[in-house]
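Scroll down for the structure; my scribbles are underneath it.
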2 protein chains.
Amino acid sequence: MDVLEKILENNNIKPTAMRLLVLQFLLNRKVATSLTDVENYFAKSDRTTLFRTLKTFVEKGISHKIDDGTGITKYALCEDNCHCEIDTDLHLHFHCTKCNETVCITEYKIPPIHLPKDYTAENVNLVVKGICDKCNSK
Amino acid sequence: MDVLEKILENNNIKPTAMRLLVLQFLLNRKVATSLTDVENYFAKSDRTTLFRTLKTFVEKGISHKIDDGTGITKYALCEDNCHCEIDTDLHLHFHCTKCNETVCITEYKIPPIHLPKDYTAENVNLVVKGICDKCNSK
DNA sequence: GTAAATAATGCACTTCCGTTGCATAGGGCA
DNA sequence: TGCCCTATGCAACGGAAGTGCATTATTTAC
Ligand SMILES: [Mn+2]
Ligand SMILES: [Mn+2]
Ligand SMILES: [Zn+2]
Ligand SMILES: [Zn+2]
């Protein structure tokens with residue numbers, strides 16, 4: 001059986017044609033992906049289907065949503081050791097203001113955050129804006 | 001002269017009636033404020049005027065925009081020692097998932113963030129979600 | 001194998017928020 | 001008073017997320 005199908009079935013996602021294609025697309029991309037990105041790539045497909053495909057991937061835990069501050073939701077497949085399903089996936093995201101791309105920075109964890117008395121943290125979103133490695137080496 | 005007028009004039013903002021009212025409203029609020037919040041309070045006023053008032057406050061540096069991840073832009077007046085005008089106002093924001101309110105946490109600074117080689121940071125947005133002090137003490 | 005049930009897809013439409021264009025009103029100044 | 005610049009108000013637009021519902025595809029039941 002195909003490796004893509006395996007990924008989906010291991011996560012209780014029925015491997016339909018569209019889902020396999022979207023999964024492959026996401027696997028090949030190195031940067032976080034918006035619905036519009038997917039839509040442009042699969043020009044013939046319907047936006048709603050793609051939207052719901054991405055939503056399913058997030059719900060089933062193979063992908064996570066990224067709010068990078070641009071106002072456009074991005075998605076990225078989870079690493080093997082990712083635990084976003086418990087809503088505490090604490091890696092940070094970097095948004096390059098030059099090439100406009102957003103990436104997961106999984107090498108470094110978010111440092112512990114100090115909060116005032118009686119505040120309880122459940123989740124942290126850390127987005128760093130700046131210039132990415134590719135843009136800096138041009 | 002009124003203290004509110006002084007704040008505006010010190011920052012090159014013509015103290016119109018509407019602007020004074022909005023400023024007072026923001027001063028009295030202890031939590032970050034959305035355009036809709038302002039709109040609801042000044043029910044008789046026009047949305048656009050309020051929008052542009054908030055925009056002016058940000059541009060002139062007496063207020064800063066907050067992206068708390070809810071998708072709704074919030075605004076909060078800057079503290080005296082705030083330097084958001086140079087885009088490096090590095091305090092964090094806390095969004096309570098119970099009362100839905102967002103506050104500036106100015107007591108603690110954002111810890112230094114490690115980035116991979118060749119990445120340059122220009123700005124950081126850190127939003128912690130959880131339960132606020134008020135909601136926790138109920 | 002056929003029929004019923006279930007799930008996925010596609011199209012249209014909605015909602016929400018931020019934003020802009022343009023005409024009008026107001027306020028300082030010659 | 002008349003002029004100019006800015007602020008205001010109304011309307012409309014735009015992008016993106018999301019929903020309702022009919023249609024199609026795929027299981028499952030018989
Ligand atoms: Mn990520
Ligand atoms: Mn703040
Ligand atoms: Zn870049
Ligand atoms: Zn609260």
Side-chain angles (χ1 to χ4, degrees), chain A residues 1-2 4-5 7-9 11-25 32-60 62-76 95 100 102 125, chain B residues 1-2 4-5 7-9 11-25 32-60 62-76 95 100 102 125:
Chain A
M1 190 205 291
D2 188 29
L4 294 176
E5 284 190 43
I7 295 177
L8 293 184
E9 299 203 332
N11 290 277
N12 295 310
I13 305 170
K14 229 176 267 181
T16 67
M18 201 64 247
R19 286 170 178 172
L20 288 166
L21 288 170
V22 172
L23 177 60
Q24 179 143 58
F25 176 62
T33 304
S34 70
L35 172 58
T36 306
D37 292 334
V38 185
E39 202 188 344
N40 289 339
Y41 187 80
F42 298 103
K44 289 288 187 69
S45 299
D46 183 68
R47 210 182 66 254
T48 312
T49 304
L50 299 171
F51 168 73
R52 287 198 265 239
T53 298
L54 294 173
K55 194 182 171 194
T56 302
F57 284 4
V58 171
E59 284 167 356
K60 298 295 186 177
I62 66 170
S63 174
H64 62 280
K65 250 178 151 171
I66 301 168
D67 175 5
D68 63 4
T70 61
I72 296 164
T73 305
K74 307 281 168 65
Y75 300 86
H95 177 76
N100 245 321
T102 299
N125 185 32
Chain B
M1 190 206 290
D2 189 26
L4 294 176
E5 284 189 44
I7 295 177
L8 294 184
E9 298 202 331
N11 290 276
N12 295 310
I13 306 172
K14 227 176 267 181
T16 67
M18 201 64 247
R19 286 170 178 174
L20 288 166
L21 288 171
V22 172
L23 177 60
Q24 179 144 57
F25 177 62
T33 305
S34 69
L35 172 58
T36 306
D37 292 334
V38 186
E39 203 188 345
N40 290 338
Y41 187 80
F42 299 103
K44 289 287 186 66
S45 300
D46 183 70
R47 193 182 160 66
T48 313
T49 304
L50 298 172
F51 168 73
R52 286 197 266 237
T53 299
L54 294 173
K55 194 182 172 194
T56 301
F57 285 4
V58 172
E59 284 167 356
K60 298 295 185 176
I62 66 169
S63 175
H64 62 280
K65 251 177 151 174
I66 301 168
D67 174 6
D68 63 4
T70 61
I72 297 165
T73 305
K74 306 281 167 63
Y75 301 85
H95 176 75
N100 245 322
T102 299
N125 185 31

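All heavy atoms count here, side chains included; hydrogens, waters and symmetry mates do not. Labels below follow one simple rule: chain letters A, B, ... track the order of the sequence lines, proteins then strands, and each chain is numbered from 1.
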Starting at atom CG of A:D67, determine the distance to atom P of D:dA17, rounded to an integer number of angstrom. 11 Å
Quick check against the 3.5 Å criterion: does B:R47 have a side-chain atom that pairs as donor or acceptor with the backbone of B:E39? no
Closest to the A:I72 side chain, choosing from C:dT19, D:dA16, C:dC11: D:dA16
Are A:M18 and A:L50 packed together at the side-chain level, in the sense that at least one heavy-atom pair is separated by less than 4.5 angstrom? yes
Give me the atom names and distance for the closest heavy-atom approach of B:A76 to B:I66. CB-CD1, 3.8 Å
For B:T36, answer base if it contacts any base atom (sugar-phosphate contacts may also be present), sugar-phosphate if it contacts only those atoms, and nothing otherwise; contact means non-hydrogen atoms under 4.0 Å. nothing
A:P15 and A:L8: which non-hydrogen atoms are nearest, and at how many Å? CA-CD1, 3.7 Å
May I have all residue pairs that pass side-chain hydrogen bond (donor to acceptor under 3.5 Å, both in side chains) and include part of residues 48-58 of chain A, sequence neighbours excluded? A:D46-A:T48
What is the separation between atom CD on B:E59 and atom C1' on D:dA7, rounded to the nearest whole Å? 14 Å
Quick one: are A:K65 and A:Y75 in side-chain contact, heavy atoms under 4.5 Å? yes
Does anything in residues 12-25 of chain A reach DNA chain C, meaning a heavy atom under 4.0 Å, and if so which residues? A:K14, A:T16, A:M18, A:R19
Would one find a side-chain N or O of B:T49 under 4.0 angstrom from OP1 or OP2 of D:dG9? yes
Check: A:D67 main-chain N/O paired with A:N125 side-chain donor or acceptor under 3.5 Å: yes
Provide, to the nearest angstrom, the distance between the CG atom belonging to B:N40 and the P atom belonging to C:dC16. 13 Å
Protein-proximity profile, nucleotides 20-30 of chain C, B/S/- by nucleotide at the 4.0 Å heavy-atom cutoff, equals BB---------
Between D:dT19 (P) and A:L35 (CG): distance, integer Å: 14 Å
A:K44 NZ to C:dT9 P: how many Å, rounded? 18 Å
By nearest atom, which of the nucleotides D:dG9, D:dT8, C:dG18 is closest to the B:D46 side chain? D:dG9
Between P on C:dG18 and CG on B:L50, what's the gap in Å once rounded to a whole number? 12 Å
If we ignore hydrogens and angles and just use 3.5 Å, is the side chain of A:N11 paired with the main-chain N or O of A:I13 as donor and acceptor? no
Distance in angstrom units between B:F42 CZ and D:dA7 C1', rounded: 16 Å
When rounded to whole Å, the CD to P distance for the pair A:E39 and C:dG10 reads 12 Å
Report which part of the nucleic acid B:T73 touches: base, sugar-phosphate, or nothing (heavy-atom distance under 4.0 Å, all strands). sugar-phosphate
Taking the inter-plane angle between the rings of B:F25 and B:Y41 on a 0 to 90° scale, is it parallel (under 30°), tilted (30 to 60°) or perpendicular (over 60°)? parallel
